[in-house]
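Written below as structure tokens is the structure these notes are about.
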There are 2 protein chains.
Amino acid sequence: MAYQRSALMQERLAENRERILRAARTLVAQGGFREASINAVAAAAGLSTGALYRYFPSKADLFVEVLTEAVRRECDILREIIARPGTADQRLRAAVESFARRALEGPHLAYAFIAEPIDPEVDAARILCRQEFSDVFKTVLGQGLASGEFPPQSVDVAAACIVGAFTEALVRPVAPTTPRSKDEKLVEAIVDFCARAVAGPSTTMRPAAPRKRAKA
Amino acid sequence: MAYQRSALMQERLAENRERILRAARTLVAQGGFREASINAVAAAAGLSTGALYRYFPSKADLFVEVLTEAVRRECDILREIIARPGTADQRLRAAVESFARRALEGPHLAYAFIAEPIDPEVDAARILCRQEFSDVFKTVLGQGLASGEFPPQSVDVAAACIVGAFTEALVRPVAPTTPRSKDEKLVEAIVDFCARAVAGPSTTMRPAAPRKRAKA
DNA sequence: TCACAAATTTAATCCAGATTCATTTTATAC
DNA sequence: GTATAAAATGAATCTGGATTAAATTTGTGA
């Protein structure tokens with residue numbers, strides 16, 4: 001007779017898989033990918049290293065899944081915010097603020113997901129993820145542009161700049177220094193920066209030709 | 001008799017050291033830190049691995065030097081640009097443009113210097129370097145703020161955002177796709193983004209009203 | 001020329017962490 | 001219960017790259 005897993009067993013296995021993913025996420029959140037070795041993940045999940053390989057073919061596969069899963073959730077939230085009623089400016093602000101706020105909760109996690117390299121395979125997945133973030137912002141930028149609320153600008157570049165701006169502003173200080181009060185100011189300043197950037201006065205006051213600027 | 005190196009020998013040694021630094025920089029420029037193993041660097045410099053350790057105590061030390069040297073040069077250029085006459089807006093634009101343009105020449109290099117982690121020791125040095133970049137932008141932001149040319153804003157955050165914005169916008173596409181024509185557009189878009197961000201309307205007021213715009 | 005110091009080479013060694021595998025334990029079918 | 005399949009263990013292996021060291025070559029001072 002063919003061997004068949006009982007429903008209970010099925011569930012336990014699925015649970016283990018979840019536990020591994022959760023453990024990996026938690027470890028990354030605590031100390032970035034550096035802290036998230038296979039051994040550490042397995043231990044945190046209450047399994048042996050060997051067992052882990054029953055659930056994921058390689059470290060890269062595991063972290064690709066951790067990454068895409070987290071980014072999917074994040075993007076869902078952002079898309080929901082952007083779909084709300086309001087001006088493009090309001091919605092953009094809300095999205096940036098929400099993004100920034102959650103990033104502050106787990107700076108290591110945010111950094112790891114946005115920037116920290118581990119493995120070429122994971123890095124490749126990350127590029128897609130950043131694209132997904134960028135696309136969310138592009139949506140609202142495009143709307144503001146179409147309605148004339150925002151001045152003409154490259155939505156692609158602006159979207160990337162927004163992601164980059166708060167990555168740099170938020171994610172750098174992974175250091176212990178993180179008093180709550182400062183955070184509020186920081187989030188506000190970042191939101192303002194991004195909002196000004198897209199809503200600011202039209203900038204191309206200079207004719208494209210005369211470029212007497214320095215390059216060196 | 002005390003052993004003493006001839007002037008010729010002295011020079012050859014110094015030259016070797018330079019060659020190592022140059023080789024390291026070149027390799028990083030080609031493929032990031034990942035490609036720049038000690039063996040590769042030594043080979044590229046025309047020396048053996050062992051010899052390299054005569055010049056630098058460790059890989060970390062070597063790359064800290066590569067990094068700080070490159071950043072020092074870059075900041076010198078930026079400071080010079082910012083010290084020129086002109087409005088804060090003009091000088092900020094010139095600095096961002098110059099920075100962006102050179103980053104485009106070697107995206108891997110720029111990425112590696114701004115973001116790519118290798119080693120805790122090097123990462124620590126990088127934080128100082130980013131601070132240095134940020135400080136340059138802070139200078140001009142502070143001037144524009146003092147003169148009333150820019151609306152109230154956090155210069156610290158804005159400076160970090162500027163660095164982040166164009167890091168993300170420029171450095172991501174490390175892919176082969178780099179047609180010159182696109183580059184021009186890209187640089188312009190980034191410069192505009194940053195300029196709008198700092199010069200934009202005061203942010204507390206949020207007029208949904210479409211703003212007057214010039215040509216793109 | 002010789003003797004010794006420094007530089008260089010080459011081939012280990014070391015290390016950390018991912019991956020595997022022989023063995024043991026647990027689950028399923030009868 | 002027994003026999004077999006799947007799952008789990010954890011120690012052993014494998015790997016890639018930094019680091020070291022013994023042996024060799026080159027430079028310096030007599």
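Just the heavy atoms: all of them, side chains too, but no hydrogens, waters or symmetry mates, feed the values below. First the proteins, then the strands, lettered A, B, ... as listed; each starts at 1.
- Taking the six-membered ring wherever Trp is involved, the centroid distance between the rings of A/F166 and A/F193 does not fall below 6.0 Å.
- Residue B/R12 contributes atom CZ, which lies 13 Å from atom C1' of D/dT28 at whole-angstrom precision.
- DNA chain D is contacted by both B/R5 and B/A60; B/A60 maps to the nucleotide lying nearer its 5′ end (nearest heavy atom per residue).
- Within 6.0 Å of the CD atom in B/E11, the count of heavy atoms belonging to other residues, nucleotides or ligands does not exceed 12.
- Using a 4.0 Å cut-off, no side-chain N or O of B/R34 falls inside it from OP1 or OP2 of D/dG17.
- Computed from coordinates, the B/F33 CZ to D/dA18 C1' distance equals 16 Å when rounded to whole Å.
- Between B/D61 atom CG and D/dA18 atom P there is a gap of 14 Å when expressed in whole angstrom units.
- A side-chain N or O of A/R102 and one of A/S98 form a donor-acceptor pair less than 3.5 Å apart.
- Judged by distance alone, the side chains of A/Q143 and A/R91 do bring a donor and an acceptor atom under 3.5 Å apart.
- In this structure, the CG atom of B/L8 is 18 Å from the P atom of C/dA6, given to the nearest Å.
- Contact check of residues 37-56 of chain A against DNA chain D (heavy atom, cut-off under 4.0 Å) returns A/L47, A/S48, A/T49, A/G50, A/A51, A/R54, A/Y55.
- Where B/Q4 and B/A36 each meet DNA chain D at their nearest nucleotide, the meeting point lying more 5' is that of B/A36.
- Here the P atom of nucleotide C/dG17 and the NZ atom of A/K59 are 8 Å apart, to the nearest Å.
- Using a cut-off of 4.0 Å between Lys/Arg side-chain N and Asp/Glu carboxylate O, B/E132 and B/R72 are scored as not salt-bridged.
- Within the 4.0 angstrom heavy-atom criterion, only backbone atoms of the sugar-phosphate kind lie near A/N16; the bases stay farther away.
- Taking only side-chain atoms of B/L13, from C-beta outward, the nucleotide of C/dA18, C/dA7, D/dT19 with the closest atom is C/dA7.
- Relative orientation of the A/F113 and A/F33 rings is tilted, given thresholds of 30° and 60° on the angle between their planes.
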